[in-house]
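Presented below is the structure to which this report refers.
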Amino acid sequence: MTERRAVLSGSAFEEQIGYARAVVDGDWVHVSGTTGFDYTTMTISDDVVQQAEQCLRNIEAALTEAGCGFADVVRVRYLLPDRADFEPCWPVLRRCFGEVRPAATMMVCGLADPRMKIEIEVYARRVTR
């Protein structure tokens, strides 16, 4: 039987909308689109780079709880309302993914809250050690 469990971050959005920060399904970890909110205070910076850094902290916490880390990420999706905001985030993204080199896509689209400037979604595959 394949293990399937939800990983919750405590975000008010998870409760209000009805989803999990991540779902562990066997060796696979699917991390929901994650924004730059600090989920403990439900605050968000106005700066896209700071939002990207917070996104990655939120994702790292979910991956850790799921039993893996950035080294296990095989796919990443970046969602931004303004394409000009993507390049300033590259150094932050490279710190987490530069050695890993996951498949990646950047899409320009509207996000759920106008304060959100970036959303990041990842898929990871846990390695049995």
Side-chain angles (χ1 to χ4, degrees):
M1 181 84 33
T2 300
E3 169 196 13
R4 186 176 193 280
R5 69 179 170 92
V7 174
L8 304 176
S9 69
S11 162
F13 297 128
E14 293 169 14
E15 181 63 30
Q16 293 167 350
I17 300 169
Y19 71 97
R21 175 63 38 221
V23 173
V24 177
D25 186 13
D27 292 338
W28 289 98
V29 179
H30 306 271
V31 180
S32 294
T34 302
T35 64
F37 273 92
D38 177 331
Y39 297 132
T40 59
T41 63
M42 287 308 290
T43 58
I44 192 166
S45 170
D46 288 333
D47 180 73
V48 69
V49 174
Q50 289 178 14
Q51 284 193 28
E53 290 170 345
Q54 185 63 51
C55 286
L56 294 169
R57 283 191 293 272
N58 295 339
I59 290 167
E60 182 176 36
L63 290 172
T64 298
E65 187 172 335
C68 59
F70 286 120
D72 300 302
V73 172
V74 297
R75 178 90 170 109
V76 61
R77 193 169 287 129
Y78 305 106
L79 310 167
L80 296 96
D82 184 349
R83 76 182 75 248
D85 281 341
F86 189 46
E87 191 170 348
C89 297
W90 290 358
V92 172
L93 304 174
R94 191 171 38 251
R95 277 197 309 267
C96 291
F97 301 118
E99 296 293 317
V100 179
R101 304 284 180 158
T105 300
M106 184 282 239
M107 298 186 318
V108 175
C109 61
L111 299 178
D113 183 313
R115 297 172 293 174
M116 298 171 179
K117 296 183 179 190
I118 186 169
E119 185 169 322
I120 303 172
E121 173 184 58
V122 304
Y123 300 89
R125 187 156 188 211
R126 299 186 306 167
V127 177
T128 305
R129 291 170 174 52

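Since the model is a prediction, treat every value here as computed from it, not as a measurement.
Considering only heavy atoms from C-beta on, F70 stays 4.5 Å or farther from V122 through its side chain. With a 4.5 Å cut-off on side-chain heavy atoms, Y78 and V108 do not count as touching. Taking the side chain as every heavy atom from C-beta outward, P102 and V76 approach each other to under 4.5 Å. Side chains of Y123 and V73 form no contact here, defined as non-hydrogen atoms less than 4.5 Å apart.
Counting only residues at least two apart or on different chains, the salt bridge (Lys or Arg N to Asp or Glu O under 4.0 Å) pairs with a member in residues 100-113 are D113-R115. Every pair passing salt bridge (Lys or Arg N to Asp or Glu O under 4.0 Å) that includes a residue from residues 53-63 is listed here, sequence neighbours excluded: E53-R95. The salt bridge (Lys or Arg N to Asp or Glu O under 4.0 Å) contacts involving residues 34-46 comprise nothing, where partners must be two or more places apart or lie in separate chains.
To the nearest 0.5 Å, atom NZ of residue K117 and atom CG of residue L80 are 11.0 Å apart. The distance from atom SG of C109 to atom CG of D82, rounded to the nearest 0.5 Å, is 12.0 Å. Here R94 contributes atom CZ and C89 contributes atom SG; the two are 11.5 Å apart, rounded to the nearest 0.5 Å. The CH2 atom of W28 sits 11.5 Å away from the CZ atom of R75 when rounded to the nearest 0.5 Å. Taken from CZ in F37 to CD in Q54, the straight-line distance is 10.5 Å, to the nearest 0.5 Å. Taking CE from M107 and CD from E121, the interatomic distance works out to 7.5 Å, rounded to the nearest 0.5 Å.
The hydrophobic clustering, which links ILVMFWY residues whose side-chain heavy atoms are closer than 4.5 Å, places L111 and I17 together. The hydrophobic clustering, which links ILVMFWY residues whose side-chain heavy atoms are closer than 4.5 Å, places V23 and V7 apart. Note on F86: it clusters hydrophobically with F97, by side-chain heavy-atom contacts below 4.5 Å among ILVMFWY residues. A continuous path of ILVMFWY side-chain contacts below 4.5 Å connects M106 to V48, so both sit in one hydrophobic cluster.
When every heavy atom of I118 is checked against every heavy atom of A52, the shortest pair comes out as CG2-N, 3.8 Å. In terms of heavy-atom proximity, E65 sits nearest to L8 at OE1-O, 3.9 Å.
Scored by the ring-ring contact (aromatic ring centres under 6.0 Å, His included) test, Y39 finds no partners at all (sequence neighbours excluded). With sequence neighbours left out, T64 forms a side chain to side chain donor-acceptor pair (under 3.5 Å) with no residue at all. Residues that satisfy the side-chain contact (heavy atoms from CB on, under 4.5 Å) test with E15, not counting sequence neighbours, are absent from this structure.
Checked by atom type and distance alone, the side chain of T34 pairs as donor or acceptor with a backbone atom of S32 at under 3.5 Å. In this structure, R126 contributes its side chain and G67 its backbone to no donor-acceptor pair below 3.5 Å. Judged by distance alone, the side chain of S45 and the main-chain N or O of Q51 form no donor-acceptor pair under 3.5 Å.
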| request: Apply side chain to side chain contact (heavy atoms under 4.5 Å, CB included) to the pair R4 and V24, showing each step before the final yes or no. | output: CA-CA 5 Å; R4 186 176 193 280; V24 177; over 6 Å; no
| request: Determine, stepwise, if the pair Y19 / R21 fulfils side-chain hydrogen bond (donor to acceptor under 3.5 Å, both in side chains). | output: CA-CA 7 Å; Y19 71 97; R21 175 63 38 221; 3.2 Å; yes
| Passes side chain to side chain contact (heavy atoms under 4.5 Å, CB included), V29 versus L63? Steps please. | CA-CA 8 Å; V29 179; L63 290 172; 4.2 Å; yes
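Only one option out of L93, T35, V31 pairs with I120 in a side chain to side chain contact (heavy atoms under 4.5 Å, CB included); it is L93.
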